[in-house]
There are 2 protein chains.
Amino acid sequence: MTRRVTIADIAAAAGVSKGAVSYALNGRPGVSETTRTKILAIAAEMGFVPNRAARSLSVSSAQAVGIALRRSARTIGIEPYFMELISGIEATLSAGSFGLTLQIVGTVEEELEVYRRWWAERRVDGVFLCDVGTSDQRLDFIADLGLPAVAVGGPIEGARFPAVWHDDVEPSRDILEYLYTLGHRRVARIAGIPGLLHTAIRDKAYDDTAADLAFESVTTIHSDYTGEQGAQITRRLLSSAKRPTAIVYDNDVMAVAGLGVAHELGLEIPEQLSLVAWDDSQLCRLTHPALTSLTRDIPAYGAKCAEVLLTLIGAATEAAHQGAETRTFSVQCKPAQLSPRGSTGPAQT
Amino acid sequence: MTRRVTIADIAAAAGVSKGAVSYALNGRPGVSETTRTKILAIAAEMGFVPNRAARSLSVSSAQAVGIALRRSARTIGIEPYFMELISGIEATLSAGSFGLTLQIVGTVEEELEVYRRWWAERRVDGVFLCDVGTSDQRLDFIADLGLPAVAVGGPIEGARFPAVWHDDVEPSRDILEYLYTLGHRRVARIAGIPGLLHTAIRDKAYDDTAADLAFESVTTIHSDYTGEQGAQITRRLLSSAKRPTAIVYDNDVMAVAGLGVAHELGLEIPEQLSLVAWDDSQLCRLTHPALTSLTRDIPAYGAKCAEVLLTLIGAATEAAHQGAETRTFSVQCKPAQLSPRGSTGPAQT
DNA sequence: CAGTATCGCTTAACCGGATAAGTAGCGTCA
DNA sequence: TGACGCTACTTATCCGGTTAAGCGATACTG
């Protein structure tokens, strides 16, 4: 079992003081180039890595950010979204040698408690806020703590910290116009959880677009994003007298479940029913027919979120030293693109 | 922006010294019950939460464990396995108020580097080792570091740290016997990555069982676990002259992809082809027909892994203080159970 | 009643870095 | 030649906890 190397060890080896070593390692003035080179060489040779706790204690930064996910153990795995997001976040974080602390919680109260603890413990320098709601108590809570944060989703009006988001209005319109062009007149949408911001945004975009086109009916039914509900609602829709000729799902998991139900009922896809999924994961390409879906680059999205959070943390650190003011800025990403595949086709006449 | 409370603040408020506060908060002897109660009350009132860095620095523990996953950004999301595992791990960790640090890496070298850094920085007290290979360089590397670790998978002979695993031999036999009873005589298995320990274990279990029964052929083809390869290999198998009447997949994603291919080729499931998946996630119940699969409780498995790691960390801490020796112990979990669903049926005569 | 154990607390050192303040050595310049 | 400034360090303090050691005051004990 190797011993951990401290700056005191390096100082002893180099015949200088701890302070000199610290200056040398951090690229600060105060040591000659000769000494600096020598110290760096010794540090490298000894395999020195600074003790995070010690550094954190003196500079008051954790070099880590946190993400709390509010899902049950059984349902969290099924959605590819989070892992892809985290994967993108990670890519940016590790480039800046930040760590990612993950916590899975059951309720909002637990989530708020986690944020408070992280903040009080100084375990993280900032957090990502997922599943932003239309009226989200976490926003003020975190802003009041003074904890740097980035909302993953938006836009959020009057937010006290930045949001990274992409427009859902245009893609919503794209879907409906696409289906309209294919001749569909009765369209149903199995939407996500009603309280979520992006659900509300899509709801409105849907209604607005529907009003502009001569649909017979455009209905929205809210769900909880699970495959079970997706299947159940699809079954109900397809058993009704005037069943829709196209169904749009707010995520890929429900769309896959919906496809299963269509198979179960013996419906030909896309001849008798067209299906569209939001959030194109690999899942959409595994089914037959493959699911037409709204594609966006989620790892890139996560990377952007991380980038903004790191910038924010940097700014907060600056501000603490120089009293500069922190500006809230939002970042809009490229909207999702419709990827037509086998699950959509002309409506039956 | 609230100020963080330190033990010095509490000491001042209670009119005692920092030391007394520390004793009181940690439930150690050295203060009277009266004083202890008073200090605890003040601490609670002020909302005191200890600074993790400070505590870590003095007690040399991070109160966090790490998990490094070696997957690409695009493929990591699709497998429900990891999120379920992490979810289970989390449940146990947060009960012990440990944090989880997650890192996604691309190569083994990167992964080893992450472990070394975590260890040197004292960022984690222990790690989980996923995707254990048949000859895994990480095992010795981590053991040499003296970093407490738990292998998620096994059994590992002569390991220098514990493994949490479940028997794959019995379930492998279960599948083959089940298919044999249904009259299947030509069975194919699309296996996982050849270097992985559990792939090797299943390979052998398969061969052994096949030798005991009068199959016409039992073939194994290795893959990379992705839906693409699952689909591609399935397509090849089903296009061959003597195509199998049943295919077993080493994970659920490939099985879903295989089902898609079967649909694409117009095969009736299960009349013309039976499909079995390992690792029953919700995915298996979303398709039509639902996939017969090997069910195991992955969150519970993760919880067990975390429990063992925490025990190990506790033991290591003890050992450091008292010089006691650390015992390596392995934990075997309940093997996966076959859940027959619509994707399997009698072989066509 | 002196000797001593125990309680209840304070003091101070320590963990491993960062960093402000202090200082020795040397060149510069009036 | 002495005041001054600069370089290249060293020293000491701090971050916020933990903990060994110290130290009165009280209780116990032979």
Side-chain angles (χ1 to χ4, degrees), chain A residues 3-40 42-43 46-63 97 117 119-123 125 317 320-322, chain B residues 3-40 42-43 46-63 97 117 119-123 125 317 320-322:
Chain A
R3 259 197 70 72
R4 259 163 281 236
V5 180
T6 71
I7 54 167
D9 299 330
I10 300 175
V16 295
S17 70
K18 273 172 59 181
V21 175
S22 181
Y23 288 136
L25 291 174
N26 292 307
R28 306 178 141 273
V31 282
S32 67
E33 271 317 304
T34 326
T35 313
R36 185 186 304 276
T37 311
K38 183 169 136 206
I39 290 174
L40 288 177
I42 292 175
M46 297 177 93
F48 172 75
V49 180
N51 179 318
R52 176 121 319 278
R55 175 170 276 172
S56 293
L57 186 57
S58 43
V59 302
S60 296
S61 103
Q63 284 280 307
S97 71
R117 189 163 44 76
W119 169 82
E121 287 187 339
R122 280 194 178 285
R123 204 189 263 274
D125 297 322
T317 312
H321 287 298
Q322 312 188 355
Chain B
R3 257 195 68 73
R4 259 164 280 236
V5 181
T6 70
I7 54 167
D9 299 330
I10 299 175
V16 295
S17 70
K18 272 172 59 181
V21 174
S22 180
Y23 290 137
L25 291 173
N26 292 306
R28 305 176 141 273
V31 282
S32 67
E33 271 318 304
T34 326
T35 314
R36 185 187 303 275
T37 312
K38 183 169 136 206
I39 290 174
L40 288 177
I42 292 175
M46 297 175 94
F48 171 75
V49 180
N51 179 317
R52 177 124 317 278
R55 175 170 276 173
S56 294
L57 186 57
S58 42
V59 303
S60 296
S61 103
Q63 285 280 309
S97 71
R117 191 163 43 76
W119 170 81
E121 287 186 339
R122 278 194 179 286
R123 203 189 263 275
D125 297 322
T317 312
H321 287 298
Q322 312 188 355

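Below, chains carry the letters A, B, ... as their sequence lines are ordered, and counting in each starts from 1.
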query: B:Ser61: what forms a side chain to side chain donor-acceptor pair (under 3.5 Å) with it, not counting sequence neighbours?
result: none
Heteroatom pairs (N/O) under 3.5 angstrom, protein to nucleotides 26-28 of chain C:
none

message: So which atom in A:Ile10 and which in A:Ala43 form the shortest heavy-atom distance, rounded to 0.1 Å?
response: CD1-CB, 3.7 Å
message: Suppose we screen for side chain to side chain contact (heavy atoms under 4.5 Å, CB included). Which residues come up paired with B:Ser60, at least two apart in sequence or across chains?
response: B:Arg122
- line: Among the nucleotides C:dC15, D:dT11, D:dG17, whichever has the atom closest to the side chain of A:Ser17 is D:dT11
Length of the CD1-P vector between A:Ile10 and D:dC9, whole Å: 16 Å
message: Is there a side-chain contact between B:Ser58 and the phosphate of C:dC15, meaning an N or O under 4.0 Å from OP1 or OP2?
response: no
task: Output the residues of residues 20-34 of chain B in contact with DNA chain D, where contact means a heavy atom of the residue under 4.0 Å from an atom of the strand; sort by number or write none.
output: B:Ser22, B:Tyr23, B:Asn26, B:Arg28
message: Angle between the two end axes of the helix from C:dC1-D:dG30 to C:dA30-D:dT1, five base pairs per end, rounded to 10 degrees?
response: 70°
- prompt: Separation of A:Leu57 atom CG from C:dT19 atom P, in whole Å?
  reply: 13 Å
message: Strictly by salt bridge (Lys or Arg N to Asp or Glu O under 4.0 Å), give each pair with a member in residues 5-17 of chain A just once, sequence neighbours left out.
response: none
- request: Starting at atom CD of A:Glu121, determine the distance to atom P of D:dG16, rounded to an integer number of angstrom.
  value: 15 Å
message: How many whole angstroms separate atom CG of B:Asn51 from atom C1' of D:dC14?
response: 13 Å
message: Using whole Å, what does the distance between atom P of nucleotide C:dC9 and atom CD1 of B:Ile39 come to?
response: 7 Å
message: Checking B:Ser58 now: which residues fulfil side chain to side chain contact (heavy atoms under 4.5 Å, CB included) with it, not counting sequence neighbours?
response: none
- request: Report the residue (B:Gly19 or B:Arg122) whose heavy-atom-nearest nucleotide on DNA chain C is the more 5′ of the two.
  value: B:Gly19
query: Going from CD1 on B:Ile39 to OG on B:Ser32, what distance comes out if it is rounded to the nearest 0.5 angstrom?
result: 8.0 Å
message: According to salt bridge (Lys or Arg N to Asp or Glu O under 4.0 Å), who are the partners of B:Arg36, at least two apart in sequence or on a separate chain?
response: B:Glu33
- request: In whole angstrom, give the distance that lies between atom CZ of A:Arg52 and atom C1' of C:dC15.
  value: 16 Å
Report, one line per pair, each donor and acceptor closer than 3.5 Å where one atom sits in a side chain of residues 46-53 of chain A; sequence neighbours left out.
residue : atom : partner  : partner atom : Å
A:Asn51 : OD1  : A:Ala53  : N            : 2.8
A:Asn51 : OD1  : A:Ala54  : N            : 3.1
A:Arg52 : NH2  : B:Glu121 : OE2          : 3.4

field: Atom-to-atom span, CD1 of B:Ile7 to C1' of C:dC15 - whole angstrom
entry: 14 Å
- prompt: If only side-chain N and O atoms of A:Arg55 are considered, is one of them under 4.0 Å from the OP1 or OP2 phosphate oxygen of C:dA18?
  reply: yes
Report, one line per pair, each donor and acceptor closer than 3.5 Å where one atom sits in a side chain of residues 11-23 of chain A; sequence neighbours left out.
residue : atom : partner : partner atom : Å
A:Ser17 : OG   : A:Ala20 : N            : 3.3
A:Ser22 : OG   : A:Asn26 : ND2          : 3.4

message: Between B:Thr35 and C:dC9, is there a contact of a side-chain N or O with OP1 or OP2 at under 4.0 Å?
response: yes
message: Is B:Thr6 close enough to D:dG16 that one of its side-chain N or O atoms is under 4.0 Å from OP1 or OP2 there?
response: no
